[in-house]
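Notes follow once the structure below has been shown.
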Number of protein chains: 2
Amino acid sequence: MTRAEENYLKAIYQLTAGMNQRVSTTALAERLETKPSSATDMLQKLHDKAMVKYTKYKGAQLSPEGRHIASQIVRKHRLWEVFLVEKLAFGWDQVHDIAEQLEHIKSPDLVERLDAFLDCPKVDPHGDPIPDKNGNIEQINKILLCDQTPNSRSMLMGIKDTDDAFLKYLSQKNIKLGSVITVLDKEPFDESMTVDIDQNTHFISKIISTNIYVQPL
Amino acid sequence: MTRAEENYLKAIYQLTAGMNQRVSTTALAERLETKPSSATDMLQKLHDKAMVKYTKYKGAQLSPEGRHIASQIVRKHRLWEVFLVEKLAFGWDQVHDIAEQLEHIKSPDLVERLDAFLDCPKVDPHGDPIPDKNGNIEQINKILLCDQTPNSRSMLMGIKDTDDAFLKYLSQKNIKLGSVITVLDKEPFDESMTVDIDQNTHFISKIISTNIYVQPL
DNA sequence: ATTATTTTTTAGATAAGACTAAAAATGGAA
DNA sequence: TTCCATTTTTAGTCTTATCTAAAAAATAAT
């Protein structure tokens, strides 16, 4: 697998959230910031390699083999993110680009040793689940903060948007995985919230609260 | 810098042992397991980028810029080797290929954080010095084991040949960096040695003893 | 159902990096 | 110094992954 091939497989995997759906040429091209014609080329190549099932004009979907490879790239990406944050003290917003490179390191052994070194984490620093070596994902039951009602207590389990600005907003306010959130008030007009996060009061707009996953306590 | 360009710079750097000598097209091609014509192409490109000074038919030598980049690749390679051995418990003989990939990860921050995480090691697991961020190398005073006389005591500081079979030989006999070696006897005929290494007696051929660096105690 | 619009694919080009085969320069030997 | 063997370079081809522009298919609209 070349780096480009791996990136295409990963993109299909992520676009379908690991489900076995079809992905259009254009959607794929957009995600990889490339042109649809390039995506077509690659899909035909990946079809020849039996990594995807591709039908002209109908999009592509991962084969079992392709899905497995994709899951392992995601596994590597997320394990390296844990390493960067936990061991090298990087911030949430700094790790994505580096992990994007590290995920392509090829070694049968390295991933499993890294996993053990990190104590087999189940989620990455953004709360996204880490597939195991068979590609299985342990689904965590989480809901959006915007669906919580006043007086509820919950724990921050993940974030939806991993936009750089959003990540910086969170780390700047010291909001992190495991933070305990109590909804104090919810404004019916714009659905903004007043919340207590780890003993600090924050005013949170609807956009923020729809991008934070929590687990009710 | 592309990965190929980095590999060429590193190869020149290593072939000249960091010195500022010229390297022939063929020597370079051999080291990179490629053809001289490919090396010529690349040298012309690197010359245009001011990374090497290249004169047709006369070989190439690193520019200050090129030498600095090469030293930083070597730095990364060796730091990652330390990480793999110290933190992930890889054996000496397993780390080279992985470090060969990791050395190309690009991040201004990562290297320095990794360095700190590893407590700023000065040598890699084979005893080779790790250049600092300015490309400077702390020279360690070491001699070859074959030049030691009977009854001398010394400490293993590095190995010369990093051939896979040799590395396996050493790790299998539990001979490692820091091992204390006492020369018990030296056979004048074939210059083989009887030595005590960490309280174990070993018979060592001339080939072995000329590939082990030690520091007299 | 026939056109119009959007999406997708093909065709042809480009750049990086490698290769082979052939030409040119170098350096040593006679 | 002239010739020969070796080294190095050039010229042309290949592959991967990308692009643009144009053609073809699919979808939507009248």
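Lettering of chains follows the sequences in order, A, B, ..., and the numbering in each one begins at 1.
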Are Gln72(A) and Ile69(A) close enough that some pair of their side-chain heavy atoms sits under 4.5 Å apart?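 They are not in contact (no side-chain heavy atoms under 4.5 Å apart), so the answer is no.
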
Between [options], spot the one nearest the side chain of [X], thanks.
X: Tyr57(A); options: dT9(D), dT27(D), dT9(C); result: dT9(C)
X: Tyr54(B); options: dT9(D), dT9(C), dC19(C); result: dT9(D)
X: Ala4(B); options: dT16(D), dA18(C), dC19(D); result: dA18(C)

By ring-ring contact (aromatic ring centres under 6.0 Å, His included) - contacts of His96(B) (at least two apart):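 For His96(B) the ring-ring contact (aromatic ring centres under 6.0 Å, His included) partners, ignoring immediate neighbours, are His77(B).
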
Rounded to whole angstroms, how far apart are [atom1] on [X] and [atom2] on [N]?
X: Leu28(B); N: dT9(D); atom1: CG; atom2: P; value: 11 Å
X: Met42(B); N: dA18(C); atom1: CE; atom2: C1'; value: 10 Å
X: Leu43(B); N: dA18(C); atom1: CG; atom2: P; value: 11 Å

Applying a 4.0 Å non-hydrogen cut-off, can you work out what Thr25(B) is touching in the nucleic acid: base, sugar-phosphate, or nothing?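 Sugar-phosphate only.
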
Quick one: do Glu100(A) and Lys106(B) make a salt bridge, cutoff under 4.0 Å?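 A salt bridge is absent here (no side-chain N lies under 4.0 Å from a carboxylate O).
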
Heavy-atom donor-acceptor pair, Ser37(B) side-chain to dT20(C) base, under 3.5 Å: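 Yes.
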
Mind checking what makes side-chain hydrogen bond (donor to acceptor under 3.5 Å, both in side chains) contact with Gln44(A), not counting sequence neighbours?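 Listed in chain order: nothing, the list is empty.
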
